[in-house]
Amino acid sequence: QVQLVESGGGLVQAGGSLRLSCAASGRTFISYAMGWFRQAPGKEREFVSGVSGSGANTYYADSVKGRFTISRDGAKNTVYLQMNSLKPEDTAVYYCAAGLVAGGKDYQYTSWGQGTQVTVSS
């Protein structure tokens, strides 16, 4: 399995931007599809975005489409989530995950990071 470490969370005002990073260990980073999930207090974890191993295919939840962009840098073994036009409802702990397919279900991912808090104030 791959080890994942997220960073980049914080407190931002509504309408602002943040970029989350997820650094992966190991030499087989390109073999893994990567995903971002989030979990707000009292709610179930939900899919946010995914990207294929090659980076050619990306997927987004409807709630973030047009505002968030996922990308990956194979040379740095890192996946990013650029979040623009943030809303208070985007407040959650954001998790990075690695799996064989960039699906929208958490059971499709085998490795998870520890999470990073994103708080959007109104």
Side-chain angles (χ1 to χ4, degrees):
Q1 292 189 349
V2 63
Q3 305 297 317
L4 305 172
V5 179
E6 302 101 333
S7 61
L11 173 64
V12 64
Q13 289 188 334
S17 298
L18 283 175
R19 188 178 79 158
L20 305 183
S21 299
C22 174
S25 64
R27 301 179 181 178
T28 58
F29 178 65
I30 196 172
S31 301
Y32 290 92
M34 301 296 295
W36 286 97
F37 286 75
R38 67 187 181 186
Q39 187 168 21
K43 295 187 177 181
E44 293 188 353
R45 186 164 57 189
E46 64 174 359
F47 172 77
V48 175
S49 182
V51 59
S52 61
S54 67
N57 299 302
T58 57
Y59 309 91
Y60 298 94
D62 288 343
S63 59
V64 306
K65 204 170 292 184
R67 301 187 297 121
F68 291 11
T69 302
I70 191 170
S71 61
R72 62 189 299 161
D73 184 335
K76 296 182 178 181
N77 279 12
T78 299
V79 63
Y80 303 97
L81 185 68
Q82 178 66 45
M83 305 186 295
N84 298 329
S85 301
L86 283 162
K87 304 175 181 180
E89 51 263 43
D90 294 318
T91 295
V93 177
Y94 283 70
Y95 297 92
C96 174
L100 296 180
V101 294
K105 303 296 184 182
D106 54 8
Y107 62 76
Q108 294 174 302
Y109 296 84
T110 55
S111 298
W112 292 82
Q114 82 287 353
T116 186
Q117 177 70 46
V118 172
T119 303
V120 184
S121 63
S122 57

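Numbers here simply count residues along the sequence, with the first being 1.
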Go through the steps to decide whether Arg38 and Ser63 satisfy the test side chain to side chain contact (heavy atoms under 4.5 Å, CB included), and finish with yes or no.
CA-CA 12 Å; Arg38 67 187 181 186; Ser63 59; 3.5 Å; yes
Closest non-hydrogen atom pair between Trp36 and Val79, with its separation
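Looks like CZ2-O, 3.9 Å.
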Which atom names give the shortest non-hydrogen contact between Val48 and Val64, and what distance separates them?
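Scanning both residues completely, I find the closest heavy atoms to be O-CG2, 3.5 Å.
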[X] versus [Y]: any side-chain heavy-atom pair under 4.5 Å?
X: Leu86; Y: Phe68; value: yes
X: Tyr95; Y: Val93; value: yes
X: Phe29; Y: Thr78; value: no

Stepwise, does the side chain to side chain contact (heavy atoms under 4.5 Å, CB included) test hold for Met83 with Leu20?
CA-CA 8 Å; Met83 305 186 295; Leu20 305 183; 3.7 Å; yes
CD of Gln13: more than 12 outside heavy atoms within 6.0 angstrom?
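12 or below, so no.
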Within a 6.0 Å radius of atom CG on Leu100, are there more than 12 heavy atoms belonging to other residues, nucleotides or ligands?
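Counting neighbours around CG of Leu100, 12 or fewer heavy atoms of other residues, nucleotides or ligands fall under 6.0 Å, so no.
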Quick check for you: to the nearest 0.5 Å, what is the distance between Thr91 atom OG1 and Gln117 atom CD?
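Separation between the atoms: 7.0 Å.
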Any chance you could measure Leu4, atom CG, to Cys22, atom SG, to the nearest 0.5 Å?
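If I round to the nearest 0.5 Å, the distance is 4.5 Å.
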Should Lys65 and Asp62 count as an ion pair when the cut-off is N to O under 4.0 Å?
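Between Asp62 and Lys65 there is a salt bridge, with a charged N closer than 4.0 Å to a carboxylate O.
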Looking only at the aromatic ring of each residue, does the gap between the centers of Phe37 and Tyr109 stay below 6.0 angstrom?
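Ring-ring flag for Tyr109/Phe37: true, centres closer than 6.0 Å.
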Can you sort out the partners of Ala33 under side-chain contact (heavy atoms from CB on, under 4.5 Å), two or more places apart, ordered by chain and number?
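Counting only residues at least two positions away or on another chain, Ala33 forms a side-chain contact (heavy atoms from CB on, under 4.5 Å) with Ala102.
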